[in-house]
Amino acid sequence: MVKGVKGMNDLFGQDAAKWIRMEEDIRRIISSSGYGEIRTPMVEELALFKRGVGETTDVVKKEMYDFHDKKGRHIALRPEGTAGTVRAFVEHGMGINFPSPLKCYYIGPFFRYERPQKGRYRQFHQLGIEVFGDDTAEMDGEMISIAYRIMTHFKLDVEVHINSIGCAQCRPAYHETIKEFFSEKKEELCSDCKERLETNPMRILDCKICKPKERWSETPVMINHLCDDCSTHFSRLQNALDIFHVAFVVDPFIVRGLDYYTKTAFEIVANTGGSQNAVAGGGRYDNLVRDLGGQPTPATGFAAGLERLFDLIPADFFHNQPLAVAYTLTADGVEQLVHFSKHISHHPVKVIVDYKPRKIKKALQRANRFGARWVFIIGEDEVKHETILVKDLEKGEQREYKQYEVMNIVQMLIKSSL
Ligand code: AMP
């Protein structure tokens, strides 16, 4: 038997229906704030992610799905959305050709070669937003408030954790401070953090193995070393979040895994009965557009994992739209059923039509397997009178309609499913 690739999932049945509802709701929330969709390719040159995401990050060092194509180009499946979006922004001159600030969002599959486990897959899905051409803390606030609004729309119990990781002015000096601090503890660090000490000491702060937040309360944190500009930005962000009604906590140990962030960094964690689970994260990346060859352009954004979001949505959020299944009991009824199918398909009700004549008992059994609320039946009498029998399986009632009374049938279905 041929099997799917490890860590990559099929989506079908009830889950597919819920997933589509989830995507539709997300698009509605984001686009109502004036964000337009951007679709970039699933693959990019590997060099983009090395430059954009950072050579020292776990994503690039350990988790890339990369390969050489037939012409020997070094290609990678995209592990995140920001690098590709920035590449497209620069390549198409969006900073010049479009009004500023440019607000866009994406939603789609991403790939990381990680060890698959619950909530962690090799093909997973993210939604993300990116705003180009705006350096205000208030825009960071709007961006975080949209992420928060999506989580609360789906009834998730979440906490927003924010931090500032400084800028090119204030971070270098802090890097030295933290490098010194952890150098003294080198022997107590995990092997990855020993390496981080040289390449990116700030990343030690959120190491899941070393856990400095719990172990060393005196760890120097960036928010105590911010320059005036970053400090003002951070307090304005907090003010904006208050106005947007986003409940947040300041967590100076959030540094994010990717190299490109400046000033604002944030994560949204979901409380799942004792444990906490990161569903979304992001921040400001004022240097990335320039680093990828564009004009210096401030930018801010976030990404959220759709599998994690999906798993956390309470079961009763998507109450199923009730279903009707239509049968004929006789070959003479097939054509009338086709007419009926054509007419009812124009209305916002869910009807599955089965054109093969069935015995009544079998028709009802099949409708049951679909979990149908109603069964429509065209039997011999109905063919003669051009009627259709509508059985409500939930109420145990039935009623005959003329086949042309599609509007009345639709109204009844909608009314009784409210
Ligand atoms: P990141 O781009 O690493 O900041 O991830 C943003 C969000 O994407 C995370 O908070 C997760 O919800 C989700 N995510 C990241 N990697 C995976 C994965 N391998 N499988 C499923 N979800 C993921």
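Start at 1 and go down the list; that is how both ligands and their atoms are numbered. Scope of the values below: all heavy atoms of this structure, side chains included, with no hydrogens, waters or symmetry mates.
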For residues 135-142, which side-chain N or O atoms pair as donor and acceptor with protein atoms under 3.5 Å away, sequence neighbours left out?
{"from": "T136", "atom 1": "OG1", "to": "D134", "atom 2": "OD1", "distance (Å)": "2.7"}
{"from": "T136", "atom 1": "OG1", "to": "M139", "atom 2": "N", "distance (Å)": "3.1"}
{"from": "E138", "atom 1": "OE2", "to": "R236", "atom 2": "NE", "distance (Å)": "2.9"}
{"from": "E138", "atom 1": "OE2", "to": "R236", "atom 2": "NH2", "distance (Å)": "3.1"}
{"from": "D140", "atom 1": "OD1", "to": "R284", "atom 2": "NE", "distance (Å)": "3.0"}
{"from": "D140", "atom 1": "OD1", "to": "R284", "atom 2": "NH2", "distance (Å)": "2.9"}
{"from": "D140", "atom 1": "OD1", "to": "T300", "atom 2": "OG1", "distance (Å)": "2.7"}
{"from": "D140", "atom 1": "OD2", "to": "H233", "atom 2": "NE2", "distance (Å)": "2.8"}
{"from": "D140", "atom 1": "OD2", "to": "T264", "atom 2": "OG1", "distance (Å)": "2.6"}
{"from": "D140", "atom 1": "OD2", "to": "R284", "atom 2": "NE", "distance (Å)": "3.1"}
{"from": "E142", "atom 1": "OE1", "to": "K103", "atom 2": "NZ", "distance (Å)": "3.2"}
{"from": "E142", "atom 1": "OE2", "to": "Y35", "atom 2": "OH", "distance (Å)": "2.5"}
{"from": "E142", "atom 1": "OE2", "to": "K103", "atom 2": "NZ", "distance (Å)": "2.8"}

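Where the criterion is an N or O separation shorter than 3.5 Å, residue side chain and backbone included, A278 meets it with respect to ligand 1. At least one N or O atom of Q126 sits closer than 3.5 Å to an N or O atom of ligand 1.
Using a 4.0 Å cut-off between heavy atoms, V279 contacts ligand 1 through its backbone alone, with no side-chain atom that close.
Relative to atom 2 (O) of ligand 1, the option among E63, E80, R112, R256 with the closest non-hydrogen atom is R112.
Judged by the 6.0 Å distance and 45° axis criteria, R366 is not positioned over the aromatic ring of F370.
Taking the six-membered ring for Trp and the full ring otherwise, the centers of F317 and H153 sit less than 6.0 Å from each other. Taking the six-membered ring for Trp and the full ring otherwise, Y106 and F110 have centroids separated by under 6.0 Å.
Listed by number with element, the atoms of ligand 1 under 4.0 angstrom from any heavy atom of A280 are 10 (O). Those atoms of ligand 1 with a heavy atom of G305 less than 4.0 angstrom away are 7 (C), 8 (O), 12 (O), 13 (C).
By the ring-ring contact (aromatic ring centres under 6.0 Å, His included) test, F340 pairs with F376, sequence neighbours left out.
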